[in-house]
Amino acid sequence: MKHNDLEKNTISYGLSLAVTSLFSALLVVLKELCDHSVLVWMSKATGHHWMTHGIIDVVLFVALGWFLGTLNGGHGVNISAEKFIKTVVGSVVISGLIIVGFYMVDMLAG
Amino acid sequence: MIKFADVALMTHATFGMLCIIASVWVFVDTLNASRGNVVRIKLMSRAVAGFMWLAFLVGGYWYVTYYYADKALILKGPWPFAHHLVMETKEHLVIMLLLLTTFLPIAASGNLVANKSARNVVLWVVGLIILTGMLMEGSGAIIGMGVKLAVLPK
């Protein structure tokens with residue numbers, strides 16, 4: 001099934017990528033700010049907080065991509081190609097800036 | 001005697017570079033998408049994802065197993081930012097890169113010959129992969145330099 005030129009899976013997993021990227025960036029900030037609770041839990045869950053972070057992201061990406069594909073009676077999300085590209089690229093760039101910005105501020109603050 | 005940790009680290013960097021090379025291939029082929037190269041674009045998109053997953057898994061193993069020693073050296077050396085800023089950023093941006101490369105074969109599964117929108121999605125995604133991948137390689141060099149400067153005689 002196609003939506004405005006793009007395949008359903010492209011839109012579903014692309015939007016999932018956009019959401020997961022932002023979630024991942026915010027999780028970085030959360031675990032670093034809550035290093036006595038969130039970071040400890042993430043470290044204990046798999047033996048290393050980074051492994052837990054990666055697993056959560058991959059599972060979220062796959063699950064959300066699948067879920068978005070089931071919306072609208074299995075036709076997926078209806079979005080224009082232009083808006084879709086802006087959403088995905090914008091999300092990835094903003095997520096990257098959140099991560100770089102956080103560690104920059106964290107380092108400068110000492 | 002070459003240590004296993006060093007082999008793992010170089011394997012990680014090599015797979016990362018192969019991922020970038022394959023991504024450039026996909027970018028150029030997609031700019032010139034036709035019936036003659038569309039199968040190759042789809043295969044190379046899978047190669048991008050495959051190389052990235054290998055780089056991620058090998059690098060991840062090295063990071064959780066061996067990096068603590070390098071981290072201690074970096075923090076005592078003249079370039080502590082190589083850990084505080086560069087490695088901390090790299091280890092989290094690389095997860096985003098993993099998702100981008102995993103998405104690439106899905107984006108490339110569309111009708112790239114007839115559909116300009118599908119081609120644009122692939123070009124944007126693979127463009128982000130190339131830029132982020134080069135950032136990762138450069139970050140690795142800075143981290144390595146952080147270790148090197150820490151062990152050089154003062």
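Chain identifiers are assigned alphabetically (A, B, ...) following the order of the sequence lines, protein sequences preceding nucleic acid strands; residue numbering begins at 1 within each chain.
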*Should B:Leu31 and B:Val113 be regarded as members of a common hydrophobic cluster, given that ILVMFWY residues are connected when their side-chain heavy atoms come within less than 4.5 Å of each other, either directly or indirectly?*
yes
*Identify which part of A:Phe61 has an atom lying under 4.5 Å from any heavy atom of chain B, answering side chain, backbone, both or neither.*
side chain
*Following the transitive rule for hydrophobic clusters with a side-chain heavy-atom cut-off under 4.5 Å over Ile, Leu, Val, Met, Phe, Trp and Tyr, establish whether B:Tyr68 and B:Val147 coincide in one cluster.*
no
*How far does NE2 of B:His92 sit from CD1 of A:Ile98, to the nearest 0.5 angstrom?*
13.5 Å
_Tell me whether B:Met87 shares a hydrophobic cluster with B:Val151, the cluster being built from Ile, Leu, Val, Met, Phe, Trp, Tyr side chains joined at under 4.5 Å._
yes
_Atom NZ of B:Lys71: over 12 foreign heavy atoms under 6.0 Å_ = no
*Considering only heavy atoms, which portion of B:Ile106 lies under 4.5 Å from any heavy atom of chain A: side chain, backbone, both, or neither?*
both
*To the nearest 0.5 angstrom, please state how far the CG atom of A:Leu15 sits from the CZ atom of B:Phe103.*
8.5 Å
*Tell me, for B:Val94 versus chain A, whether the close heavy atoms (under 4.5 Å) come from the side chain, the backbone, both or neither.*
side chain
*With a 4.5 Å cut-off on heavy-atom pairs, point out which of A:Val92, A:Asp106, A:Val100 contacts chain B the most.*
A:Val92
*A:His49 versus B:Glu91: any side-chain heavy-atom pair under 4.5 Å?*
yes
*Okay, side chain of B:Asn115, backbone of A:Asp5: is any donor-acceptor separation there less than 3.5 Å?*
yes
*chain A heavy atoms under 4.5 Å from B:Leu99: which part of the residue, side chain, backbone, both or neither?*
both
*Linking I/L/V/M/F/W/Y whenever any side-chain heavy atoms sit under 4.5 Å apart, do B:Val39 and B:Trp25 land together?*
yes
*Side chain from CB out, backbone as N, CA, C, O: work out which of these in A:Glu32 comes under 4.5 Å of a heavy atom of chain B, or both, or neither.*
side chain
*How about A:Ser95 and B:Met96: do any of their side-chain heavy atoms sit closer than 4.5 Å?*
yes
_Euclidean distance, B:Ile95 CD1 relative to A:Ile55 CD1, rounded to 0.5 Å_ = 10.0 Å
*asked:* I need the residue from B:Leu100, B:Asn120, B:Thr132, B:Leu131 with the largest number of non-hydrogen atom pairs under 4.5 Å to chain A.
replied: B:Leu100
*Given a strict heavy-atom distance threshold of 4.5 Å, which part of A:Val28 is in contact with chain B: side chain, backbone, both, or neither?*
side chain
*asked:* Grouping I, L, V, M, F, W and Y whenever their side-chain heavy atoms are under 4.5 Å apart, do A:Val62 and A:Val59 come out in a common cluster?
replied: no
*Residue by residue, scan residues 12-22 of chain B and write down, ordered by number, those that have a heavy-atom distance under 4.5 Å to chain A; if none do, write 'none'.*
none
*About how many Å separate OG1 of B:Thr101 and CG of A:Leu17, when rounded to the nearest 0.5 Å?*
9.5 Å
*Taking atom CE of A:Met107 as the centre, does the number of heavy atoms from other residues, nucleotides or ligands within less than 6.0 Å exceed 12?*
yes
*asked:* As an exercise, state the distance from CG of B:Leu85 to CZ of A:Phe102, rounded to the nearest 0.5 Å.
replied: 11.5 Å
*Relative to chain B, which segment of A:Phe84 carries a heavy atom at a distance below 4.5 Å: side chain, backbone, both, or neither?*
side chain
_Is A:Lys86 in contact with chain B via its backbone, its side chain, both, or neither, using a 4.5 Å heavy-atom distance?_
neither
*Does the ring centre of A:Trp50 sit less than 6.0 Å away from the ring centre of B:Tyr61?*
no
*How far does NE2 of B:His84 sit from CG of A:Leu108, to the nearest 0.5 angstrom?*
11.5 Å
_Top of B:Leu135, B:Val86, B:Val121 for chain A proximity - count of heavy-atom pairs under 4.5 angstrom_ = B:Val121
